[in-house]
Amino acid sequence: SVLVIGQAGLADFPVTSDAAQPTPVNGCTFACFFARVGPNGNLAYASFLNTNGGPGLSPHAIAADSTGAAYITGGGAFNSTPGALPTSSFGSVTLKLDATGKLVFGTSFIGGTAIAVDTQGFIYIAGVSYGGGAVPLPVTAGAFQTTAPLFNACSFAGVNGFPCFH
């Protein structure tokens, strides 16, 4: 199957009957979407995914694991789901969808422009970290650079061990 993310106009976007979000919120004219096209070319699922009052999501990358779960990263605002990393104003988003397209977790604490998942379930995210934020990006001991500059900095994260990521 093929995973697709992007932004779509609303006029005739083909959401599926079991869509996680069948209509965009707040009367947006464009909204983030995610979809899975099955091996036979049929639409397995398609749904809108945008925020509840903040700026719209802008998806940048998607990856899948061996269970069929999809991981999306990008920019925008998103209210973190219970148990996920805390919400911040960084403007970065990471989401996990199960194999049927239902939201498992979402966080606006960390996100980026590229995402990958390895066979052990580790999630790798590359992007930008905003150094002046109220909640600093956590770093591990022995990291190449353990403090962020005052302005934007390139960042890379490998994530595992958070209950929301499994």
Novice: Would you call the rings of Phe13 and Phe48 parallel, tilted or perpendicular if under 30° counts as parallel and over 60° as perpendicular?
Specialist: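 Plane angle between 30° and 60°, so tilted.
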
Novice: How long is the span from the CD1 atom in Ile5 to the CD1 atom in Ile62, to the nearest 0.5 Å?
Specialist: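 So the gap between those two atoms works out to 5.5 Å.
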
Novice: Rounded to the nearest 0.5 Å, what separation is found between the CD1 atom of Ile125 and the NE2 atom of His60?
Specialist: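 Reported value, rounded in 0.5 Å steps: 12.5 Å.
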
Novice: Enter the distance from Gln120:CD to Ser66:OG here, rounded to the nearest 0.5 Å.
Specialist: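 Rounded to the nearest 0.5 Å, the CD-OG separation comes to 10.0 Å.
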
Novice: I'd like to check Ile72 versus Thr94 (side-chain heavy atoms, cut-off strictly below 4.5 Å). Are they in contact?
Specialist: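 No, too far: nothing below the 4.5 Å cut-off.
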
Novice: Does a side chain donor of either Tyr45 or Asp18 reach within less than 3.5 Å of an acceptor in the other side chain?
Specialist: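 On atom types as modelled, these side chains do not qualify, holding no pair under 3.5 Å.
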
Novice: Is it the case that the side chain of Thr73 and the backbone of Val93 share a donor-acceptor pair, with hydrogens and angles ignored and the cut-off at 3.5 Å?
Specialist: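 Yes.
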
Novice: Are side-chain heavy atoms of Asp65 and Tyr71 found at a separation under 4.5 Å?
Specialist: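 A side-chain contact exists here, since the closest heavy-atom pair is under 4.5 Å.
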
Novice: Side chains of Phe122 and Val117: does their closest heavy-atom pair fall under 4.5 Å?
Specialist: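 Heavy-atom side-chain distance check fails, nothing below 4.5 Å.
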
Novice: Leu43 versus Val37: any side-chain heavy-atom pair under 4.5 Å?
Specialist: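 They are in contact (side-chain heavy atoms under 4.5 Å apart), so the answer is yes.
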
Novice: For Ser58 versus Gln7, what's the shortest heavy-atom pair and its separation?
Specialist: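 Nearest pair, atom of Ser58 first, then Gln7: CA-NE2, 3.8 Å.
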
Novice: If I compare all heavy atoms of Val15 with all of Ser47, which pair ends up nearest, and what's the gap?
Specialist: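 What the structure gives for the nearest pair is CG1-CA, 4.2 Å.
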
Novice: Are the side chain of Ser1 and the backbone of Arg36 linked by a donor-acceptor contact shorter than 3.5 Å?
Specialist: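 No, Ser1 side chain to Arg36 backbone: no donor-acceptor pair under 3.5 Å.
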
Novice: Taking all non-hydrogen atoms of both residues into account, name the closest pair between Ala61 and Ala114 and its distance.
Specialist: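 Looking at all heavy atoms of both residues, the closest pair is CB-CA, 3.8 Å.
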
Novice: Please evaluate residues Phe34 and Leu95 with respect to the criterion side-chain contact (heavy atoms from CB on, under 4.5 Å), reporting the C-alpha separation (whole Å), side-chain torsions for both, the decisive distance (0.1 Å), and the verdict.
Specialist: CA-CA 11 Å; Phe34 60 90; Leu95 309 168; over 6 Å; no

